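Data block below; observations after.
A quick note: this is a predicted structure, and the numbers were derived from the prediction, not measured.
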Amino acid sequence: MELPQNYDPKIAEPKWQKYWQEQKVFQFKPKSKAQIYSIDTPPPYASADHLHVGHGMHYSQFEFIARYKRMRGFNVFFPMGYDDNGLPTERYVEKKHNLDKSKISRKEFIKLCIEDTKITGQTYHDLFTRLGFSIDWNLLYHTIGDKARRVAQISFLDLYKKGRLERTDYPTMWCTTCQTTIAQADLGNVDITSHFNDVVFKCGGQDLIISTTRPEMLSACVALFYHPDDARYAQLKGKFAAVPLFNYEVPILSDESVAQDKGTGLMMVCTFGDKDDMEKWHKYMLPLRITIDEAGRMNQLSGKYAGKKLKAARAEIIEELKSVGLLIRQQQITHAVNTHERCGTEIEFLKKPQWQIKVLDQKEELLEIAQKVNWYPEHMKVRYEHWVKNLQWNWGISRQRYYGVPFPVWYCKKCRGILLPEEKDLPVDPREEKFKGKLNGKCSCGSTEFIPEMDVMDTWMTSSCTPEINADWGGKKERKDFLPMSLRPQAHDIIRTWAFYTLTKSYFHHHNIPWRNIMISGHGQDPHGQKMSKSKSNFIVAQDVIDKYSADAFRFWAASVKLGDDLPFQEKDVLTGQKFATKLWNASKLSLKHLEGYHPKNLNKPLEVFDKWMLSKLQKLIKLSTESFDQYEYSKSKAEVENFFWHVFCDYYLEIVKDRLYNPEKRGVKNRQSAQLGVYQGLLNVLKLMAPIMPHITEEIYQLYFAGKEKKKSVHAADWPEANEKLIDGFSEGVGALGVDVISTVRKFRSANQMSMKDELQEIVLVSELPDFQKKIALIIDDLKAVMKVKELKFEGETTLESETFKIQVGIIK
RNA sequence: GGGCCCAUAGUCCAGCGGUUAAGACGUUUCGUUUACACCGAAAAGAUCCCCGGUUCGAUCCCGGGUGGGCCCACCA
């Protein structure tokens, strides 16, 4: 058949995307008996206008797997979710509308959040569609949606029942910008230059020097500490020291944890400068002097500094200490401080009642459960282990925010009891609804006056339940036996959050792994290997690249890096993908033209050697590609298929069989059919092997011819190729290699002599020491003569060129 | 300070205990060949980061450096 001259992805890609949806090619079939392959798709934060090429790369990498598994016959469960609850969304909305939560009502704010997440949802839908993602959109969920809220609340109730939850007012990390408690996993850190300030505390007549980076915390000081073995300070035992500027006395105590060589070996403990302060405060039952408020301002305890921001207060306090001679030295230092990763604000510590999930007592179990998951690449597991081993805090899940899943909790005004709803009533919003419960809306103490929990849950509280959301936990359509899922795909930056939290939840809820396999992608970077960010203006929008080239070309680029490795964005690699698609189109034009009326059954003679040569290589390719995909090494498969198609199938095979295809009267009908079989098998299998990476162009060609032969509605619903061991043929590969060597040498000769490839050569004389050389060449002599455009091929005579295996002589017809 | 990953032509990368170290982009030369100039043919371009060790043999394995990326910790 004749194909159109050109392939236009701008028309073809949307066409097939529409076709796939209409034909429900990607639909999960709940009643199917086929084995399920389920993917715990990362729900992107609904907090961006555009996705950059790095996102597109990461998402493409597991999309390859989805398509591969579908062709392998699995009933693929490939959902999409939008993570549109919680702080990331709130921050996005705050920035976009230039507001902060204290200046807007909860209701108005939530309304804005809902509006904006709708827009981003549409943006994502469009992008994923344009990328050719084989998502079953029926499975879409929103983490702010009813289903996800129900699951998060069931999770809460279950954890409560299992004793994994506690509500305490033990000091926690606090972000003064976002004005909420945060968890250890939300921390980032940044190196800052600061000063060690040597400050004088008075003890009797004695000057005690304390080195501190945070003099603004002086008013929060509750004790001084030294090491019990430190002879310099032993005589201070039991004494009190006066806090400079604020003039109140604090006890001087000793503790093993004090480093004698740090600063002056004498330290102050404040409520609270850091985690260490907290521990000493707790251990020695020290008084509480909280001197900052939620917004990071000094409070009344700081006297005249009240109302000042921490940094301003620090500068003023330093000045005043200097002026009264109590600051005797300043030393510049660089040190890392913890920040809230999302906004970059240095963290503080406040004492707030909050819910937390106890994880510190289960480190061993959480390490163990991770062993049962297959990690791809394996070394990413180390990052998880490292994180778990170094955990310092339980997982605080309360956020003093608006837009998130509410806690399913009321508190009894009278007895202070905790009131939880029944599972059947979930999801609930205690801020809006009355408590129902088992006792007709009464507390067990008889009271009917309740206070709702006003906080919302950490966004990870929901997203850590994506397997359960996909399983519709507690819902009418709950998929029993759905867990563990088959695959968790994600990038490496959220191992400590998403992977960790999901494993934790799954262990606590089900004592099981959440998924059998986890594949971890690297990051797409800018062309210079730098992380992409809007502030650095090196942000390359995925949609732009797709518009300029095609989704297939973009995916081709995304498939060019090993799983887990970072990849600089190189536009030329996208262009290479585009060229590959064109080449595939052109090779198909030739191939399909010659497959008209072709039936494999017509052939009742052995295949020609060059056909066997190509088919043998093809079988090996199929094997390798399959093994690679099974190990989530799509890049290896892509590279090998690319190489085979271009350099074996096009550069040699198609050139070799052209003569047989065009001239059956001269070369014989059977020999033409042998070539047809090769072309059919070669092209079909290349299409299939490439289909997961370049779904559109392969579909276009498949539909033009093969769909009718194979009776499948899509190449993506077709069977993945299986290697035929019988076609693996060492002898033919050897003879073919010999032939390729001859062809290549003659091409060199032409090139060296500035000859056109079509100029006919009179004679080539081959001379070789190889055993059976003549016999072997005889098997392919007609193909050789045709492809080399040479009249006579002989085996003796004078030589003018050399290769390792033979010598040839060439004469030219003019 | 600890950990993980990486180091191969100008660039991006593949690979492997013995290879003429693969491919792509770029460069140079040639070629309007009936699938394709988004092409074909050919050429040039690599101390395979450095130093040791194991081995008959190392780019590949081991140890130690150096450089880069990432993660974690330090934060009185």
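By the neighbour-count criterion of 12 heavy atoms within 6.0 Å, atom NZ of A:K363 is densely surrounded, having more than that number from other residues, nucleotides or ligands. Around atom NE2 of A:H647, more than 12 heavy atoms belonging to other residues, nucleotides or ligands sit under 6.0 Å away.
A donor-acceptor contact under 3.5 Å is not formed by the side chain of A:H647 with the base of B:rG23.
Looking at A:R747 and A:E655, no side-chain N of the basic residue comes within less than 4.0 Å of a carboxylate O on the acidic one, giving no salt bridge. Salt-bridge annotation for A:K785 and A:D659: absent, with no side-chain N of the basic residue lying under 4.0 Å from a carboxylate O of the acidic one.
Set against B:rA24, B:rA73, B:rG23, the side chain of A:N643 has B:rG23 as its closest nucleotide.
Under the 3.5 Å distance criterion, with hydrogens and angles disregarded, no donor-acceptor pair is assigned to the side chains of A:S550 and A:D552. Side-chain contact annotation: A:S521 with A:Q61, donor-acceptor N/O pair under 3.5 Å present.
Rounded to whole Å, atom C1' of B:rC74 lies 14 Å from atom CG of A:L187. Rounded to an integer number of Å, the gap from A:Q754 CD to B:rU33 P is 16 Å. Atom CG in A:D526 sits about 12 Å away from atom P in B:rC12, given to the nearest Å. Atom-to-atom, CG of A:N390 to P of B:rC75 comes out at 14 Å; the value is rounded to the nearest Å. Rounded to whole Å, atom C1' of B:rA22 lies 13 Å from atom NZ of A:K638. Spacing between atom CZ of A:F644 and atom P of B:rA22 amounts to 20 Å, rounded to whole angstrom units. Between the C1' atom of B:rA24 and the NZ atom of A:K636 lies a distance of 18 Å, rounded to the nearest Å. Counting to the nearest Å, the C1' atom of B:rA76 and the CG atom of A:L208 are 15 Å from each other.
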Using atom names, set out every protein N or O paired with an N or O of nucleotides 4-8 of chain B below 3.5 Å, distance rounded to 0.1 Å.
unit_1: B:rC4; atom_1: O2'; unit_2: A:H379; atom_2: ND1; d: 3.4

Under 3.5 Å, which N/O atoms of the protein pair with N/O atoms of nucleotides 38-46 of chain B?
unit_1: B:rC38; atom_1: O2; unit_2: A:T582; atom_2: OG1; d: 2.9
unit_1: B:rC39; atom_1: O3'; unit_2: A:K583; atom_2: NZ; d: 3.1
unit_1: B:rG40; atom_1: OP1; unit_2: A:K583; atom_2: NZ; d: 3.0
unit_1: B:rG40; atom_1: OP1; unit_2: A:W646; atom_2: NE1; d: 2.5
unit_1: B:rA41; atom_1: O2'; unit_2: A:R747; atom_2: O; d: 3.1
unit_1: B:rA41; atom_1: N3; unit_2: A:S751; atom_2: OG; d: 3.4
unit_1: B:rA42; atom_1: O4'; unit_2: A:S751; atom_2: OG; d: 3.3

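Figure legend. B:rC61 is base-paired to B:rG53; pairs are counted as Watson-Crick or G-U wobble with both atom distances under 3.5 Å. For B:rC4, the paired nucleotide is B:rG69, the pair qualifying as Watson-Crick or G-U wobble because both relevant distances are below 3.5 Å. With both pairing distances under 3.5 Å, B:rA24 is matched to B:rU11 as a Watson-Crick or G-U wobble pair. B:rU19: no Watson-Crick or G-U partner with both key distances under 3.5 Å is found in any strand. With a 3.5 Å ceiling on both atom-pair distances, the Watson-Crick or G-U wobble partner of B:rC30 is B:rG40.
A:A639 comes within 4.0 angstrom of no nucleic acid atom, judged by non-hydrogen atoms across all strands. As judged by a 4.0 angstrom heavy-atom cut-off over every strand, A:K389 is placed among residues making no nucleic acid contact. At the heavy-atom level, A:V258 lies under 4.0 Å from base atoms of the strands shown. A:F196 comes within 4.0 angstrom of sugar-phosphate atoms only, judged by non-hydrogen atoms across all strands, and of no base. Counting non-hydrogen atoms under 4.0 angstrom, A:Q184 reaches the backbone sugars and phosphates but no base. Within the 4.0 angstrom heavy-atom criterion, only backbone atoms of the sugar-phosphate kind lie near A:P568; the bases stay farther away.
Judged by closest nucleotide on RNA chain B, A:H594 is the one of A:T213 and A:H594 placed further toward the 5' end. Taking for each of A:D276 and A:S635 the nucleotide of RNA chain B with the nearest heavy atom, the 5'-most of the two is the partner of A:S635.
Judged by distance alone, the side chain of A:E571 and the main-chain N or O of A:L575 form no donor-acceptor pair under 3.5 Å. No donor-acceptor pair closer than 3.5 Å links the side chain of A:Y632 to the backbone N or O of A:I518. A donor-acceptor pair under 3.5 Å links the side-chain atoms of A:T271 to the main chain of A:R289, judged by distance alone.
With both ends at atom C1', the span from B:rU27 to B:rU20 equals 22 Å, rounded to whole Å.
Neither OP1 nor OP2 of B:rC25 sits under 4.0 Å from any side-chain N or O of A:K572. In this structure, A:Q260 does not reach the B:rA76 phosphate: none of its side-chain N or O atoms is under 4.0 Å from OP1 or OP2.
Residue pairs that meet the salt bridge (Lys or Arg N to Asp or Glu O under 4.0 Å) test with at least one member in residues 634-645 of chain A, sequence neighbours left out, are A:K638-A:E642.
Each of A:I182, A:D274, A:D186 was compared with A:I347 under the side chain to side chain contact (heavy atoms under 4.5 Å, CB included) criterion, and only A:I182 meets it.
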